[in-house]
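All values derive from a computational prediction rather than experimental measurement. Sequence lines set the chain letters: A, B, ... in the order given, protein chains first and strands last, and positions in each chain run from 1. Only this structure's heavy atoms are used, side chains among them; waters, hydrogens and symmetry mates stay out.
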Number of protein chains: 2
Amino acid sequence: MVEFKSVNEFRLKGGKYFMPCISIDCVIFGFHAGQLKVLLLTIANYSSCGLPAGFIYKEEHIDASAKRILLERTGLSDIFLQQFYIFGDPKRCDENITKAVFEKAGITAPADNWLLQRFLTIGYYALVDFEKVNAKPDYFSETCEWYDIDNLPPLAMDHAQIVQKALLTLRTHLRYEPVGYNLLPAKFTMPELQSLYETILGQKLDRRNFQRKMLSYGILKKLKEQRKGVAHKAPYLYSFDLRKYHKALEEGFQSAW
Amino acid sequence: MVEFKSVNEFRLKGGKYFMPCISIDCVIFGFHAGQLKVLLLTIANYSSCGLPAGFIYKEEHIDASAKRILLERTGLSDIFLQQFYIFGDPKRCDENITKAVFEKAGITAPADNWLLQRFLTIGYYALVDFEKVNAKPDYFSETCEWYDIDNLPPLAMDHAQIVQKALLTLRTHLRYEPVGYNLLPAKFTMPELQSLYETILGQKLDRRNFQRKMLSYGILKKLKEQRKGVAHKAPYLYSFDLRKYHKALEEGFQSAW
DNA sequence: CCAAAAGTGTTACAAGTACACCCATGT
DNA sequence: ACATGGGTGTACTTGTAACACTTTTGG
C-alpha cells in the first residue's frame with residue numbers, strides 16, 4: 001500500500017501502482033432515525049456529489065480493494081460488503097470531474113493521464129452501523145457525509161444509477177437472506193428492525209406478521225432487557241444469534257422447488 | 001471492429017484497440033438430449049479447456065463485447081445474455097496458457113506484452129438453442145465444442161469456478177423469472193420443459209405440480225399439435241407467449257413481502 | 001395386451017395475509 | 001384517564017406437496 005501526499009502525486013504515480021481503467025464504487029448504506037442513508041462525497045469546484053471510490057492495486061484482490069476503500073472512508077472493517085454489478089458504458093465517464101479536481105489543486109494534466117481514460121467501475125455495496133462510522137473525505141473530495149436515500153443530491157456520472165442498482169440488489173437480498181446485523185446496533189427492538197425493513201423495501205409491513213416471520217427464521221435472540229426511557233410500552237430488546245445468522249447467510253432463507 | 005490476421009498480429013496490435021487488463025468470459029449454456037451443456041474451447045499445447053473469452057474495444061459497451069464474443073463463437077445474436085460476476089483474484093491468471101498459444105504460433109513475446117498482464121474477467125452467461133449453434137474456435141483455440149455440465153474436462157485457471165457461479169446464478173434466476181425460451185426450440189412438450197428445469201436444478205420435480213405451476217405463470221401457449229413419432233402417448237406441444245414471457249422477465253414471478 | 005409415458009384432479013399441509021384485543025407507559 | 005405504541009393470537013386464503021387413476025401408443 002502506498003501513501004500519496006497530494007492529488008498531484010496521485011496523478012503522477014498512481015498509474016504505476018493501480019490497475020488501469022478500472023475503479024471501484026462503494027454504495028455504503030446506513031440506517032438512522034428511520035431513514036436509509038448513503039455516504040456521499042462532495043467535490044470542490046463541482047456541482048454534484050459522488051460515491052466513495054478507489055482503485056485496485058496491481059497485486060490486490062478486488063474484494064480487498066473495496067474493503068480498503070471502505071476502511072479509508074468510514075474507519076470500519078469487518079463489515080458486510082458485496083460486489084453487485086460492473087458498469088461498463090463507454091459514455092459513463094466524465095473527465096470534467098477529474099479536471100475540476102486537478103484545477104482546484106492547480107494542476108494541468110496531459111490528456112493521456114491515467115485518470116482521464118475510460119473507466120469501468122465495479123459496484124460494491126456495504127451495510128454499516130451508522131453510529132460507528134467516522135466519515136472522512138478522500139484525495140478528491142471536500143466532505144464525506146450521509147444523505148437520505150430518497151432525498152439524494154444530484155450525482156455525478158452514472159452514480160445515481162449505481163445507487164439505484166445497489167438498492168434493488170439490497171431489496172432482493174433482503175428477501176432471501178438475513179439483513180440487519182450490519183445495519184443495526186448490537187441490541188435493537190423489533191419495531192426498529194421492522195422500520196429498517198420497511199425503509200429498505202419502501203413499503204409498510206404488518207407488525208404481527210413481520211414479527212412472526214422474523215422469529216421463524218430462528219436468527220434472533222430475545223433478551224430479558226427492555227428499552228427504557230421511551231414513551232409508551234417498553235419494547236423488548238433483541239440481538240442476532242450470530243451462529244445462526246451466518247448459517248442463514250450461507251444457506252438463504254427459502255428453497256422453492 | 002478490427003480483424004486480426006494472426007495470433008501474432010493480435011499480440012502486437014491488440015493493446016492498441018482493447019481495454020487493458022479486463023477480459024470477458026462467457027458461460028454458454030445449451031440443452032440437448034436431457035443434458036445441460038456448456039461450450040468450451042480446447043487450446044493447442046495445453047491440457048485444459050477454457051471458456052469462450054474476449055476483450056473489450058476501447059469504445060465498446062461491455063454488454064456489446066459479450067454479445068460480439070457470443071456471436072463470434074456461436075453465430076447467434078439476440079440471445080439471453082447477462083453479466084453475473086467479476087472475478088478479481090490477482091492469482092487467477094496463468095500466463096502459461098498465453099505462452100502455450102504463443103509457442104504454438106512460433107512467437108516469443110516480451111514479458112510486458114498486454115496479454116501477459118494480470119486480468120480481471122467479467123463473467124457473462126448465455127442461454128442458447130443447442131440446435132442453432134454453429135460453434136467456431138477463436139484465435140487462441142483449436143476446437144469449440146459442447147460438454148456435459150456434470151462431466152466437464154479440467155478447466156484452465158478459475159474457469160471451473162466461473163462455470164459453477166454461472167450455474168448457481170442460473171438456478172436462482174430460474175426460480176424467479178421464466179427460463180426456457182432461449183434454451184428450447186420454438187415448440188416443445190411439457191415433459192421437455194420439465195426435463196430442462198430438472199437438469200438445471202439438479203433434482204427431480206413432480207410432473208403434475210410442475211405443469212400446474214408452469215401454466216399458472218400464463219406464459220405458455222398450448223398448441224393443438226402433438227409431438228408425433230414418439231413411443232407411448234403423444235404429448236402436446238407448447239410455445240412461449242412472447243409478450244407475456246417478456247413481461248414476466250421484467251417483473252419476475254414472485255413478490256414476497 | 002401390456003409396459004411406459006402423458007393427461008388430469010383431489011386432498012392435506014404449510015405459508016402468507018388480514019385482522020382485534022389487551023397491556024404498559026408517559027403526559 | 002387516555003393516547004400511543006408494543007405484545008400476542010386466530011381465522012382465512014393461497015400456495016406447495018403428496019399422491020392415483022385413466023388414456024394413448026408402440027412393440
Quick one: ring pair (Phe, Tyr, Trp, His ring centres under 6.0 Å) partners of A/H32, sequence neighbours excluded?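 Scan of A/H32 (ring pair (Phe, Tyr, Trp, His ring centres under 6.0 Å), adjacent residues dropped) gives A/F130.
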
Between [X] ([atom1]) and [N] ([atom2]), how many Å, whole number?
| X | N | atom1 | atom2 | answer |
| --- | --- | --- | --- | --- |
| A/Y176 | C/dA15 | OH | C1' | 15 Å |
| B/L223 | C/dA6 | CG | C1' | 16 Å |
| A/E198 | D/dG5 | CD | P | 13 Å |
| A/L237 | D/dG7 | CG | C1' | 14 Å |
| B/K204 | C/dA5 | NZ | P | 11 Å |
| A/M214 | C/dA15 | CE | C1' | 15 Å |
| B/L215 | C/dG7 | CG | P | 10 Å |
| A/F210 | C/dA15 | CZ | C1' | 17 Å |

Please name all residues satisfying side chain to side chain contact (heavy atoms under 4.5 Å, CB included) with [X], sequence neighbours left out, ordered by chain then number.
| X | value |
| --- | --- |
| A/P153 | A/L40, A/C49, A/Y147 |
| A/I28 | A/C26, A/L39, A/P52, A/L70, A/T74, A/A126, A/V128, A/W146 |
| B/A166 | B/V27, B/F29, B/F84, B/Y125 |
| B/K244 | B/I219, B/D241 |

List in chain and number order the residues that pass side-chain hydrogen bond (donor to acceptor under 3.5 Å, both in side chains) with A/K132, two or more places apart in sequence or in another chain; answer none if no residue qualifies.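 Counting only residues at least two positions away or on another chain, A/K132 forms no side-chain hydrogen bond (donor to acceptor under 3.5 Å, both in side chains).
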
side-chain hydrogen bond (donor to acceptor under 3.5 Å, both in side chains): which pairs involve residues 76-85 of chain A, sequence neighbours left out?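 For residues 76-85 of chain A, and leaving out neighbouring residues, there are no side-chain hydrogen bond (donor to acceptor under 3.5 Å, both in side chains) pairs at all.
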
Classify the ring geometry between B/Y245 and B/F240 as parallel (under 30°), tilted (30 to 60°) or perpendicular (over 60°).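 B/Y245 and B/F240: perpendicular rings.
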
Would you say the side chain of A/L127 lies within less than 4.5 Å of the side chain of A/F31, judging by non-hydrogen atoms?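 They are not in side-chain contact.
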
Qualifying salt bridge (charged side-chain N to carboxylate O under 4.0 Å, His left out) pairs, either residue in residues 24-37 of chain B, two or more places apart: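 Found B/D25-B/R92, B/K37-B/D148.
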
Scan nucleotides 23-27 of chain C against the protein and return all N/O pairs shorter than 3.5 Å with their distances rounded to 0.1 Å.
residue : atom : partner : partner atom : Å
C/dT25  : O4'  : A/H232  : O            : 3.2

Residues in salt bridge (Lys or Arg N to Asp or Glu O under 4.0 Å) contact with A/R208, at least two apart in sequence or another chain: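 Applying salt bridge (Lys or Arg N to Asp or Glu O under 4.0 Å) to A/R208 gives A/D206.
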
For DNA chain C, which residues in residues 185-195 of chain A have a heavy atom at a distance below 4.0 Å?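 By residue number: none to list.
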
Please enumerate all protein N or O atoms sitting under 3.5 Å from an N or O of nucleotides 18-21 of chain C, with distances to 0.1 Å.
residue : atom : partner : partner atom : Å
C/dA18  : N7   : A/N209  : ND2          : 2.9
C/dA18  : N6   : A/N209  : OD1          : 3.1
C/dA18  : N6   : A/R212  : NH2          : 3.2
C/dC19  : N4   : A/R208  : NE           : 3.2
C/dA20  : N7   : A/R208  : NH1          : 2.8
C/dA20  : N6   : A/R208  : NE           : 3.4
C/dA20  : N6   : A/R208  : NH1          : 2.5

What is the nucleic acid contact for A/K222, judged by heavy atoms within less than 4.0 Å: base, sugar-phosphate only, or nothing?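 The residue A/K222 makes sugar-phosphate contact but no base contact.
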
